[in-house]
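A short worksheet on the structure shown next.
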Amino acid sequence: MKRKIEVSELIFKIISYFLLIVFSALCLYPLIYALGSTFSDWTAIKDGKVILWPVGFQVESFKAVFMDNQFWVNYSNTLFVTFVGTIWCLVYSVLGAYALSKKRLLGRHGFNFFLVFTMWFSAGVIPQYLNYQQTGNILASIVGGSNMYAIDLKWLIVLAMGMNATNIILLRNSFEGVPSEIEEAARIDGATELQILTKVYIPMSKATIATVALFFGISRWNGYFWAYKVLGSQQSYSWPVQVYMRDFIDKNTNLTLKLGDDPDISNIGQATSMVYAMVVLAMVPILVIYPFIQKYFAKGVNMGGVKE
């Protein structure tokens with residue numbers, strides 16, 4: 001027997017579905033517009049005629065981007081920073097969260113307080129930048145360099161920018177949700193601390209770990225500001241693709257050119273189309289990986305975000 005739907009419930013569902021459709025369209029529009037602008041005629045782009053679908057058709061923009069060696073060098077830098085950086089962040093985040101989840105840890109409440117304190121109050125941009133500079137100088141001194149620009153600063157992005165208090169708290173809460181009886185059984189069987197972490201806690205918290213890995217990966221892939229500020233002049237071999245795209249926009253499109261400046265590419269419509277081609281190519285890895293991790297997302301946030 002079907003339950004009769006109340007009028008108020010029906011109205012709520014209609015409004016909810018309508019808002020979801022509108023929100024989905026707003027999320028999809030930038031992607032569709034980028035694809036349309038990538039394959040549109042350069043004159044149509046320059047004149048602002050592209051609204052959704054391609055106006056005219058050309059593939060020269062994609063060809064130009066594929067032939068741009070510097071773009072692919074910086075693209076590989078982004079892959080390196082994302083892959084290595086995510087692994088690095090996960091390793092010490094899991095270790096830190098595991099330690100903070102143990103009630104027997106001396107000074108546990110103090111460590112947890114300082115972790116949360118960093119979420120309330122930030123040192124600011126200038127102290128953070130100076131900290132990155134000092135870290136880079138220390139890394140350079142290890143290899144015999146005089147300053148941080150003597151080394152490949154991709155490693156500085158990987159090593160010095162891995163801390164995220166929110167992700168550690170998600171992992172800590174997830175570890176605290178593991179029944180203590182399972183850990184006690186493992187200890188009786190002779191498991192070491194490392195074995196308990198790798199054989200008990202990590203498998204039982206894989207949804208939260210996958211979610212945190214997604215957070216770390218997206219933040220590394222989309223990272224622009226600090227990469228631009230820290231990497232400085234190391235364009236030829238250290239810039240991630242996002243910094244390269246920004247530099248390309250500054251030099252070749254009318255989005256940021258000042259009156260009287262001459263772009264490196266004479267056709268601004270072509271340059272703008274190339275920017276959208278770069279944007280589309282930069283989105284591909286995330287669009288490919290996200291569907292495989294999405295199933296862990298809601299479960300991982302719920303497990304790590306709720307503390308019993």
Side-chain angles (χ1 to χ4, degrees), residues 68-97 115 118-119 122-171 209-251 275 278-279 281-290 293:
D68 188 351
N69 292 330
Q70 189 61 52
F71 172 80
W72 293 110
V73 168
N74 297 138
Y75 200 96
S76 65
N77 291 339
T78 304
L79 291 172
F80 172 83
V81 170
T82 301
F83 181 74
V84 179
T86 300
I87 293 177
W88 164 250
C89 294
L90 276 179
V91 168
Y92 80 78
S93 295
V94 166
L95 293 176
L115 182 66
T118 61
M119 301 171 61
S122 174
V125 174
I126 295 177
Q128 192 171 356
Y129 177 68
L130 294 177
N131 179 56
Y132 291 150
Q133 277 193 323
Q134 292 301 318
T135 304
N137 292 334
I138 292 173
L139 292 176
S141 65
I142 295 175
V143 298
S146 58
N147 57 63
M148 69 176 189
Y149 294 104
I151 62 173
D152 187 346
L153 290 176
K154 291 196 299 290
W155 285 102
L156 178 60
I157 299 296
V158 170
L159 297 176
M161 300 185 179
M163 173 61 185
N164 188 290
T166 302
N167 291 338
I168 293 179
I169 291 174
L170 287 175
L171 288 170
I209 293 175
T211 302
V212 170
L214 177 65
F215 290 160
F216 278 129
I218 291 177
S219 66
R220 297 300 174 276
W221 185 265
N222 293 329
Y224 159 74
F225 179 77
W226 284 114
Y228 179 76
K229 291 298 181 182
V230 173
L231 297 182
S233 60
Q234 291 191 346
Q235 172 183 358
S236 60
Y237 60 93
S238 286
W239 274 8
V241 69
Q242 289 78 11
V243 178
Y244 174 78
M245 290 166 57
R246 173 66 192 205
D247 183 71
F248 186 90
I249 291 172
D250 288 342
K251 293 180 178 178
V275 169
M278 295 178 189
V279 169
L281 291 173
M283 289 189 294
V284 169
I286 299 299
L287 293 177
V288 171
I289 294 174
Y290 188 81
I293 303 180

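Numbering of residues begins at 1 and proceeds along the displayed sequence.
Across all non-hydrogen atoms, the minimal contact from Ser238 to Asn77 is C-ND2, 3.3 Å. Between Ala282 and Met245, the closest heavy-atom pair is CB-SD, 4.3 Å. Scanning both residues, Gly217 and Thr86, for their nearest heavy atoms gives CA-OG1, 3.4 Å. Pairing each heavy atom of Val84 with each of Val158, the nearest pair is CG1-CG1, 3.9 Å.
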Pair Leu79-Trp221, side chain to side chain contact (heavy atoms under 4.5 Å, CB included): steps then yes or no: CA-CA 7 Å; Leu79 291 172; Trp221 185 265; 3.4 Å; yes

Side chain to side chain contact (heavy atoms under 4.5 Å, CB included) between Asp68 and Tyr244, intermediate numbers included: CA-CA 11 Å; Asp68 188 351; Tyr244 174 78; 2.3 Å; yes

Test log, rule side chain to side chain donor-acceptor pair (under 3.5 Å), inputs Asn137 and Gln133: CA-CA 6 Å; Asn137 292 334; Gln133 277 193 323; over 6 Å; no

Working for side chain to side chain contact (heavy atoms under 4.5 Å, CB included), residues Phe215 and Thr166: CA-CA 10 Å; Phe215 290 160; Thr166 302; over 6 Å; no

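Side-chain contact between Met278 and Val241: absent, with no pair of heavy atoms (C-beta onward) separated by less than 4.5 Å. With contacts defined as side-chain heavy-atom distances shorter than 4.5 Å, the pair Val81/Pro240 does not qualify. Side chains of Val243 and Arg246 form no contact here, defined as non-hydrogen atoms less than 4.5 Å apart. No side-chain heavy atom of Thr211 sits less than 4.5 Å from a side-chain heavy atom of Leu170.
The aromatic rings of Trp226 and Tyr129 lie parallel to each other, with less than 30° between the two planes, well short of the 60° mark.
Note: Ile169 CD1 to Ser93 OG = 11.5 Å, rounded to the nearest 0.5 Å. Here the CH2-OH distance, from Trp239 to Tyr224, works out to 8.5 Å after rounding to the nearest 0.5 Å. Atom CG in Leu156 sits 6.5 Å away from atom OG1 in Thr135 (nearest 0.5 Å). With rounding to the nearest 0.5 Å, the separation of CG in Leu159 from OH in Tyr92 is 10.0 Å. Of the inter-residue distances, the one linking Ile289 atom CD1 with Ile218 atom CD1 reads 9.5 Å to the nearest 0.5 angstrom. Gln242 contributes atom CD, which lies 9.5 Å from atom CG of Asn74 (distance to the nearest 0.5 angstrom).
With a 6.0 Å radius and a threshold of 12 heavy atoms from other residues, nucleotides or ligands, Phe80 has its CZ atom above the threshold. Around the CD1 atom of Ile126, the shell of radius 6.0 Å holds no more than 12 heavy atoms that belong to other residues, nucleotides or ligands.
The closest donor-acceptor contact from the side chain of Thr118 to the backbone of Leu115 lies under 3.5 Å.
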